[in-house]
Amino acid sequence: MKFDKLCKIIFLKNKYVNSSEANIHILSHSLHFASSVFEGVRVYNMIPFYLNEHINRLENSCKILDLELPFSKKKISKICYEIIKKNKIKDGYLRPIIFRGTESMSPESINCSTILSISGWNWKKLYGHNNVSLLVSKWRKPSPEISPVAAKSSGSYQISTLAKNFALRKGFDDALMLDVNENVCESSSCNIFWIKNKKVYTPTTISALDGITRKIVIKILKSIKIKLEIGDFKLEHIYKADEVFLTGTASEIVNVEKINKKKYRDFQCTELIKSKFEKLKSGL
Ligand code: PMP
């Protein structure tokens, strides 16, 4: 699948162009130095889901990476709605990205322009199936002293790509990554939760992305009075869990059926959380 073929109209710099014309120069700073930040936004029934939260995180990612937000948040929101309309996105995905122009060919980017692009396409969930398998990766998620992990930045995904490629080649669906202290952290593009004796556990967001779906799930747990503990947990803790699930914009909520050789067969509580999430999606 080629994603450029899935989109018809893309917003680039300050206008709407045909997908085939949405090109950038080879000397763009971001291509060489990963100086870009982006978002993934779900569209359900032509409405962007939690759009303000995504735009706020985009703004925060820009601040962390010393990028200027090239348009107001209101204007970015408007462009998202236009992209949905122009591409007739019923159930799909938006990809806003902010990146740097060609004004520097060394790491420094003080005089670089910042460019916004927003694409969108009709898209189903990330994994084509309900239950996924995870392989624990040798790649660790960096701590905030090493890398600006709070930003959803292109640079952060280098290790995610390596970890996921390795897992896929070994026949798993994704990688489970630990932090530098060997605590369970997140998958290549999702937050992780697990359940033991009706109590839910999830890692802190010190080294993991502060996921918007994670926040929604935490709210759901409160509303159905299920206890939650956020903390540092080693792999042994998750191996003793009854249920495990991932959360993310692209994947939504997905059951984990296997981590390395450990299998999970119970998804009862996860299914309840999923049903609440489905209600939110349909605006109920
Ligand atoms: N962690 C990583 C590394 C991610 O890329 C994502 C996807 N944005 C998530 C977690 C989940 O975040 P969200 O629920 O905001 O999509």
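None of these values were measured; they are calculated from a predicted model. In what follows, every heavy atom counts, from backbone to side chain, and hydrogens, waters and symmetry copies are set aside. First listed ligand is number 1; within each ligand, the first listed atom is number 1.
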What is the ring orientation for Trp123 with Trp121, classed by angle as parallel under 30°, tilted 30 to 60°, or perpendicular over 60°?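 Trp123 and Trp121: perpendicular rings.
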In terms of relative ring orientation, are Phe38 and Tyr157 parallel, tilted or perpendicular, with 30° and 60° separating the classes?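 Judged by the thresholds at 30° and 60°, the geometry between Phe38 and Tyr157 is tilted.
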Atom of [X], atom of [Y] and distance for their closest heavy-atom approach:
X: Asn260; Y: Lys258; answer: O-CG, 3.2 Å
X: Val149; Y: Leu209; answer: O-CD1, 4.1 Å
X: Ser207; Y: Glu186; answer: O-OE2, 4.0 Å

Given 3.5 Å as the limit, does a donor-acceptor pair link the side chain of Arg42 with the main chain of Pro48, or not?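 Not at all, since once roles are kept as given, no pair shorter than 3.5 Å links the two residues.
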Pocket residues of ligand 1, ordered first by chain and then by residue number (heavy-atom cut-off under 4.0 Å):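 Ligand 1 pocket, heavy atoms under 4.0 Å: Arg57, Lys152, Tyr157, Glu186, Ser188, Ser189, Cys190, Asn191, Leu209, Gly211, Ile212, Thr213, Thr247, Gly248, Thr249.
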